[in-house]
Amino acid sequence: MKNSVRSFSLCVKSYDQVVTCLRQPSQGPTFGIKGGAAGGGYSQVIPMDEFNLHMTGDIHAITAANNLLAAAIDTKAKRFARLDIDPESITWRRVMDVNDRFLRKISIGEGPDEKGMVRETGFDISVASEIMAVLALTTSLSDMRERLGKMVVGNSRAGEPVTADDLGVGGALTVLMKDAINPTLMQTLEGTPVLVHAGPFANIAHGNSSVVADKIALKLVGPGGFVVTEAGFGADIGTEKFMNIKCRYSGLTPQCAIIVATIRALKMHGGGPDVVAATENVALVEAGCINLARHVANTKAYGVNVVVAVNMFSTDTEAELNAVRDAALAAGAFDAVVCTHHAHGGKGAVDLGLAVQRACENVNQPLKFLYPLDIGIKDKIEAIAKSYGASGVEYSELAEKQIEMYTKQGFSGLPICMAKTQYSFSHNAASKGAPSGFMLPIRDVRASIGAGFIYPLVGTMSTMPGLPTRPCFYEIDLDTATGKVIGLS
């Protein structure tokens, strides 16, 4: 669980045996802003260094498959001439698992052998690739083969969608991905099993651990067990995509949602400075709880019980912790529990576990979706925007054109996967708390047909992150005497 009010996880089934399902960390943030994503203190996945450093190899397989498809699109081989691809319509981009802002926009085909084939394109980060989304949402090898083949890369000049299978590369993509469909079994420091699989970005892609891992975990724990599965970034991104995309495709229903909060993050949402330790300020915490309250309300709207886990730091005071608990209960949370698992391991989260068990045993309504699938693309986008607090949506000329095209091509019945900042309910990362009445700008709309969703880009959200002022790679090194990695968090 990350130290932020925006973390989120869901519990499926109940009682006794426990398996956790987590996403694989991307190397981009590991060497960029996060420095690792294995947990911390006495609450982490081990071996931590290998977990953070591409241990499973899945992201490399996705990168290879994605870029093979890109090469197939741009080839001049005669057998593709019949497709008559419109170069201006190509949406498929190359990927790499590094934060490299200078590759956001590039031109290709500049070599002497590619005369007349120059076009503008760019790189995304690998975890934003549609192939990553396919891996996380697939249910079997045959399903993955079908999804990979259906991925749309652009249009013919007649306006017809061109797929990976049209290019003849769907089978080769499946071969590259055949081992990546298997989750990796790891463990916590206390020896409980963790299935690590897939790693779609939460603010760009759908941000959930895989359906395959969840189903394996459910089989392992049996009808009396718990499966805790990760969904990235709060109720505006993680919950919404989990419910409206993942639950629709998996058929699984969560019994409880756990929203993780910290005093430091709530102070920031209350108008304080960026997340830093500070002296007691109950008023600032109470002001920031408006953010937590909206997360609770949004999550409850899906028909699941909500438990708020307050990650306690040494600088937090009893009065501040009580303020968060009171605010969470007032907002409708089933329970709110102070947790010290970072410092004390499992015994620091016993009360949270008991609260989750009670919440799972007291489910009294079915899962509800935010929108039906049979309404238009804009109607779905606007339903999601309303849950953010927006009063309306503004579409760029490009977004309008793309929506019209995808509707004509018969893709309007797909769910929506918003690419939006994780730092605010709005499109503006600096807008804290629970903003309302704003217009949500949609810059572009893309289609991930193989994965099974429409993909709007909100505001300035980029699909290739950049490095911060002081990247974490400054701290990462190898102890050549012991062979141990140092500097990962």
Side-chain angles (χ1 to χ4, degrees), residues 1-4 7 20-64 95-103 123 125-127 132 179-180 182-202 209 213 230 232 260 262 264 274-277 311-315 339-349 464-489:
M1 296 178 180
K2 306 173 187 70
N3 297 323
S4 167
S7 296
T20 299
C21 296
L22 291 177
R23 291 171 297 160
Q24 178 187 356
S26 165
Q27 286 181 179
T30 295
F31 289 101
I33 196 168
K34 292 173 73 173
Y42 288 97
S43 178
Q44 63 175 284
V45 178
I46 57 172
M48 179 268 287
D49 55 345
E50 294 189 33
F51 175 67
N52 281 314
L53 297 174
H54 56 81
M55 181 191 72
T56 70
D58 294 350
I59 294 178
H60 298 303
I62 288 160
T63 303
V95 300
M96 62 188 303
D97 196 31
V98 175
N99 290 6
D100 192 344
R101 68 178 74 241
F102 285 89
L103 292 178
F123 274 76
I125 194 164
S126 295
V127 286
M132 173 62 86
D179 295 323
N182 300 313
T184 299
L185 178 62
M186 300 185 71
Q187 63 181 319
T188 67
L189 279 170
E190 295 179 345
T192 57
V194 178
L195 291 176
V196 178
H197 198 214
F201 259 23
S209 52
E230 178 192 22
V260 183
T262 68
R264 295 190 297 183
D274 286 347
V275 184
V276 293
N311 276 2
M312 181 179 176
F313 286 72
S314 60
T315 54
C339 307
T340 60
H341 44 279
H342 185 280
H344 303 119
K347 69 180 181 180
M464 170 57 85
L467 291 171
T469 304
R470 183 174 176 82
C472 289
F473 62 65
Y474 280 105
E475 316 301 331
I476 297 171
D477 208 335
L478 188 72
D479 185 330
T480 55
T482 64
K484 292 183 177 180
V485 176
I486 56 176
L488 285 173
S489 59

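By convention here, the first residue in the shown sequence is residue 1.
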Q | Check against side-chain contact (heavy atoms from CB on, under 4.5 Å), Met48 and Leu488 | A | CA-CA 8 Å; Met48 179 268 287; Leu488 285 173; 3.8 Å; yes
Given the options Glu50, Gln24, His197, Thr56 meets side chain to side chain donor-acceptor pair (under 3.5 Å) only with Gln24
field: Validation row: Val485, Leu53 side chains within 4.5 angstrom (heavy atoms)
entry: yes
The reported gap from CZ in Arg101 to CG in Leu467 (rounded to nearest 0.5 angstrom) is 7.0 Å
Any side-chain heavy atom of Ser43 within less than 4.5 Å of one from Thr188?
no
So CZ of Phe313 and CG of Asn311: to nearest 0.5 Å the spacing works out to 6.5 Å
**OP:** Check whether any side-chain N or O of Asp97 sits under 3.5 Å from a backbone N or O of Gln27 as a donor-acceptor pair, and report yes or no.
**Re:** yes
Heavy-atom nearest pair, Asn99 first then Pro29, reads OD1-N, 3.9 Å
Nearest heavy-atom contact between Ala61 and Ala180 is CB-CB, 4.3 Å
Open item on the list: When you compare the side chain of Leu478 with that of Ile486, does any pair of heavy atoms fall below 4.5 Å?
Closed with: no
Between Val98 and Phe31, is there a side-chain heavy-atom distance shorter than 4.5 Å? no
What's the verdict on side-chain contact (heavy atoms from CB on, under 4.5 Å) for His342 and Tyr42, showing C-alpha distance, side-chain angles and the deciding distance? CA-CA 5 Å; His342 185 280; Tyr42 288 97; over 6 Å; no
ask   = Do Gln187 and Pro193 come close enough that some side-chain heavy atom pair is under 4.5 Å?
value = no
*So, do Val127 and Pro200 sit near enough that their side-chain heavy atoms are less than 4.5 Å apart?*
no
Residues Ser209 and Cys21: closest non-hydrogen pair is OG-O, 3.6 Å
The reported gap from CD1 in Ile62 to CE in Met132 (rounded to nearest 0.5 angstrom) is 3.5 Å
Quiz item: Is there a donor-acceptor pair closer than 3.5 Å between any side-chain N or O of Gln44 and the backbone N or O of Gly41?
Solution: yes
- request: Would you check if Val196 and Arg23 make a side-chain contact, meaning some heavy-atom pair closer than 4.5 Å?
  value: no
*Determine whether Leu195 and Thr184 make a side-chain contact, defined as any pair of heavy atoms from C-beta on separated by less than 4.5 Å.*
no
Here the pair of heavy atoms bringing Met464 nearest to Ile125 is CE-N, 3.8 Å
Tell me yes or no: between the side chains of Asn52 and Thr30, is some donor less than 3.5 Å from an acceptor?
no
Do the side chains of Glu190 and Lys347 get close enough for a salt bridge, i.e. N-O under 4.0 angstrom?
no
